[in-house]
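Numbers here simply count residues along the sequence, with the first being 1.
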Amino acid sequence: MIRWDTVDGVVFDCDGLLVDTEPCWFAAERSIFAEYGRVYGHAEQAQLIGTQYRAAAARMAAMLGRPQDAAPIADRLLARTAEAIRRDCQAMPGARELVGACAARGPVAVASNSPRALVDLSLAAAGFAALPVVTADDVPAPKPAPDVYLAACAALGVRPARAVAFEDSPTGARAARAAGLYVVAVPSLPDQPIDADLTLASLADADLPAGRERP
């Protein structure tokens, strides 16, 4: 259970949580599998979701039996996802309202496993460009390591034990948990278990209690 009266800051994941980019990643991944004559389905999605793109590309290359292709797969994955985001990217249901409500109570940031250029593109397209951001490019190790969440809390000036993370993937939730934050899960894949203090079907379902307002 989350005691919101003890929460000083909130950190949001980006892809699939604030911004509806997971279909963009899935489409890019599917197209790469198709190039190798392989089927991309739910099981493949579950193994890749939330993973930093170079690690995802290495995993894809292994799944495709072409480990030597990890680097070019990473390049294609990033380029195709960016192209899809430029075509069609929007905020997830309830995201703008929840970010606004959290910002009225305390500082808010974004902690993402995606590269800086892609995160900036996604957040700008969805109307979140003003939020402070920590990405996998900014820390020694991506999620599931705790680095992005520790850096985000440091940037906000809050202790991790007094912060809440909103995540959509098991990888992200493990990172937030390792950093010591409370975890709220909004799974992108509903049948995928996530270690969280609270699980919601949508950000629109978040019931943020009234509390102290920022001056």
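- Residues V11 and L181 are in side-chain contact: their nearest non-hydrogen atoms beyond the backbone lie under 4.5 Å apart.
- L123 and V108 fall within the same hydrophobic cluster, where Ile, Leu, Val, Met, Phe, Trp and Tyr residues are linked whenever their side-chain heavy atoms come under 4.5 Å apart, directly or through other members.
- Atoms CG and CG, on L98 and L18 in that order, are 8.5 Å from each other to the nearest 0.5 Å.
- Across every non-hydrogen atom of A151 and V134, the tightest pair is CB-CG1, 3.8 Å.
- What you find for V183 and A176 is that their closest heavy atoms are CG2-CB, 3.9 Å.
- Residues A56 and T51 approach most closely at N-CG2, 3.6 Å, considering heavy atoms.
- No side-chain heavy atom of D20 sits under 4.5 Å from any side-chain heavy atom of C89.
- Below 30°, between 30° and 60°, or above 60°: for F12 and F166 the angle between ring planes is below 30°, a parallel geometry.
- The minimum heavy-atom distance linking A84 with C24 is given by the pair CB-CB, 3.7 Å.
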Going through the checks in order, is the side-chain contact (heavy atoms from CB on, under 4.5 Å) test met by E44 and M60? CA-CA 8 Å; E44 289 74 22; M60 290 170 67; over 6 Å; no
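- Side chain of Q192 to main chain of A46: a donor-acceptor pair is present (N/O by atom type, distance under 3.5 Å, no hydrogens or angles).
- With R38 contributing its side chain and M63 its backbone, the two residues share a donor-acceptor pair below 3.5 Å.
- At a cut-off of 3.5 Å, with distance as the only test, no side-chain donor of D205 or S202 sits close to an acceptor on the other residue.
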side-chain contact (heavy atoms from CB on, under 4.5 Å), that's the test. Do W4 and R105 meet it? Break it down for me. CA-CA 10 Å; W4 286 101; R105 296 171 52 87; 4.0 Å; yes
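- Side-chain atoms of R59 come within 3.5 Å of backbone atoms of Q47 as a donor-acceptor pair (strictly under, hydrogens ignored).
- The closest donor-acceptor contact from the side chain of S31 to the backbone of A28 lies under 3.5 Å.
- Counting non-hydrogen atoms of neighbouring residues, nucleotides and ligands closer than 6.0 angstrom, the CZ atom of R80 exceeds 12 such neighbours.
- Considering V10, V110, L131 in turn, L131 is the only one that fulfils the side-chain contact (heavy atoms from CB on, under 4.5 Å) rule with V99.
- Transitive grouping of hydrophobic side chains (ILVMFWY, heavy atoms separated by less than 4.5 Å) brings F26 and F33 into a common cluster.
- Note that CE of M92 and OG1 of T21 are 8.5 Å apart. Values are rounded to the nearest 0.5 Å.
- For K143 (side chain) and A111 (main-chain N/O), a donor-acceptor pair under 3.5 Å exists by modelled atom type.
- Under the 4.5 Å side-chain contact rule for hydrophobic residues, V184 and F128 share a cluster.
- With respect to D138 and R116, a salt bridge is recorded, a charged nitrogen being found less than 4.0 Å from a carboxylate O.
- In this structure, the side chain of R177 does not engage the main chain of Y182 through any donor-acceptor pair within 3.5 Å.
- Contact of the P115 side chain with the Y53 side chain is registered, since non-hydrogen atoms from C-beta on lie closer than 4.5 Å.
- The distance from atom NE2 of H42 to atom CD1 of I49, rounded to the nearest 0.5 Å, is 9.0 Å.
- Within the 3.5 Å criterion, the main-chain N or O of A141 finds a donor-acceptor partner in the side chain of D147.
- Among all heavy-atom pairs drawn from A179 and Y149, the shortest one is CB-CB, 3.7 Å.
- Between the CG atom in L17 and the CG atom in D168 there is a gap of 5.5 Å [rounded to 0.5 Å].
- Atom CG of L48 is separated from atom CD of E29 by 4.5 Å, given to the nearest 0.5 angstrom.
- Annotation for C153 and A163: closest pair SG-CB, 3.9 Å, computed over non-hydrogen atoms.
- Within the 4.5 Å cutoff, side-chain heavy atoms of V158 are placed close to those of P107.
- Atoms CD and CG, on E167 and N113 in that order, are 8.0 Å from each other to the nearest 0.5 Å.
- V119 and L121 are not part of a single hydrophobic cluster, where members link through side-chain heavy atoms under 4.5 Å apart.
- A donor-acceptor contact closer than 3.5 angstrom links the side chains of D69 and Y36.
- Distance alone, capped at 3.5 Å, places no donor-acceptor pair between the D15 side chain and the E22 backbone.
- Although no hydrogens or angles enter the test, the distance criterion places no donor-acceptor pair under 3.5 Å between the side chain of R30 and the main chain of V39.
- If you chain together hydrophobic residues whose side chains sit under 4.5 Å apart, L150 and V139 never meet in one group.
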